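For reference, the structure discussed in these notes is given below.
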Amino acid sequence: MSKVFLFVAIDVKPGKFDDFVVKLTQHISIIRTESGCEFIDIYRDTQQENVVNVWEIWSDRPSWDAHMENANSKAWQATAADLVFGEKITIMDALV
């Protein structure tokens, strides 16, 4: 199976950025322990004030699918709803 590479752009509500980053950092610390998570980190977009980017690498699609359905992710979705307008997930394949 091939790896899954994800780039996530998250549009954070004004005035919620710091709270969002604290909570996302806590959430990511749990994700890093999940089976199949090879890499995940967060970045501040230097061109868009309220945008946070997340870069993820998963060992395979079933691992990522399981992550998206687990209790931690479901709880995060409820938490994030108060802090963000939305997100765009880009799924990529390696070219070489």
Side-chain angles (χ1 to χ4, degrees):
M1 292 188 183
S2 59
K3 293 184 183 198
V4 177
F5 301 91
L6 303 170
F7 181 80
V8 184
I10 306 165
D11 187 12
V12 182
K13 293 179 180 178
K16 302 285 186 173
F17 191 88
D18 292 339
D19 189 29
F20 176 77
V21 170
V22 167
K23 290 178 178 174
L24 181 59
T25 300
Q26 294 166 349
H27 176 56
I28 284 177
S29 70
I30 296 168
I31 294 172
R32 286 185 176 130
T33 69
E34 293 180 24
S35 177
C37 179
E38 295 185 10
F39 179 86
I40 185 167
D41 218 344
I42 59 175
Y43 305 89
R44 172 176 234 151
D45 190 318
T46 61
Q47 298 174 355
Q48 299 179 73
E49 182 179 350
N50 289 313
V51 174
V52 171
N53 296 306
V54 180
W55 174 246
E56 303 178 42
I57 302 173
W58 291 85
S59 59
D60 54 39
R61 183 64 190 245
S63 295
W64 181 55
D65 290 342
H67 155 72
M68 293 300 289
E69 296 298 323
N70 71 26
N72 181 50
S73 288
K74 295 293 183 188
W76 170 251
Q77 292 166 10
T79 298
D82 293 331
L83 302 171
V84 305
F85 290 120
E87 67 183 18
K88 178 182 177 197
I89 300 174
T90 303
I91 303 170
M92 299 170 282
D93 288 326
L95 294 177
V96 290

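This structure is a prediction, so every number in the text was calculated from the model and none was measured. What you see below is based on every heavy atom in this structure, not just the backbone, and it leaves out hydrogens, waters and symmetry mates.
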Q. Taking all non-hydrogen atoms of both residues, which atom of S63 and which atom of S35 are closest, and how far apart?
A. CB-O, 3.7 Å

Q. Quick check: does any side chain N or O of T25 sit under 3.5 Å from a backbone N or O of V21, one acting as donor and the other as acceptor?
A. yes

Q) Any idea which heavy atoms bring M68 and Q77 closest together, and the distance? A) O-NE2, 3.9 Å

Q: Please step through side chain to side chain contact (heavy atoms under 4.5 Å, CB included) for the pair F20 and K13, ending with a clear verdict.
A: CA-CA 9 Å; F20 176 77; K13 293 179 180 178; over 6 Å; no

**Q.** Greater than 12 external heavy atoms within 6.0 Å of E49's CD
**A.** no

(Q) If we ignore hydrogens and angles and just use 3.5 Å, is the side chain of R44 paired with the main-chain N or O of V51 as donor and acceptor? (A) no

Q: Measure the spacing between CG of L24 and CD1 of I31 and express it to the nearest 0.5 Å.
A: 7.0 Å

Q. F85 and P14: which non-hydrogen atoms are nearest, and at how many Å?
A. CE1-CD, 3.6 Å

Q. Do I91 and R61 have side chains that get closer than 4.5 Å, going by heavy atoms?
A. yes

Q) Would you say T33's side chain and S29's backbone share a donor-acceptor pair under 3.5 angstrom? A) no

Q. Tell me, do W58 and E34 make a side-chain contact under 4.5 Å, heavy atoms counted?
A. yes

**Q.** Close side-chain approach of D93 to F5, heavy-atom, < 4.5 Å
**A.** no

Q) In terms of hydrophobic clusters joined by side-chain contacts under 4.5 Å, are I57 and V52 together? A) no

Q.
Check this for me: does any side-chain nitrogen of one of K23 and D82 sit under 4.0 Å from a carboxylate oxygen of the other?
A. no

Q | Nearest-0.5 Å distance that lies between atom CG in N50 and atom CD in Q48 | A | 9.5 Å

Q: Indicate yes or no: at least one non-hydrogen side-chain atom of V8 is less than 4.5 angstrom from one of T90.
A: no

Q) Would E69 and K74 pass as an ion pair if we require N to O under 4.0 Å? A) yes

Q. Hey, does V54 have a side-chain heavy atom less than 4.5 Å from the side chain of I10?
A. yes

Q. So, for R32 and I40, which heavy atoms are closest and what is the spacing to 0.1 Å?
A. NH2-O, 2.9 Å

Q. Taking atom CD1 of I30 and atom CG of N70, what is their separation to the nearest 0.5 Å?
A. 9.0 Å

Q) Quick one: are I42 and N53 in side-chain contact, heavy atoms under 4.5 Å? A) no

Q) Where do S73 and H67 come nearest, in terms of heavy atoms and distance? A) OG-O, 2.6 Å

(Q) Please verify the inter-ring angle class for H27 with W76; under 30° counts as parallel, over 60° as perpendicular, anything in between as tilted. (A) parallel

**Q.** Contact check, side chains of M92 and F7, non-hydrogen atoms, under 4.5 Å
**A.** yes

Q | For the student: nearest non-hydrogen atoms of W55 and L6, plus distance | A | CE3-O, 3.1 Å

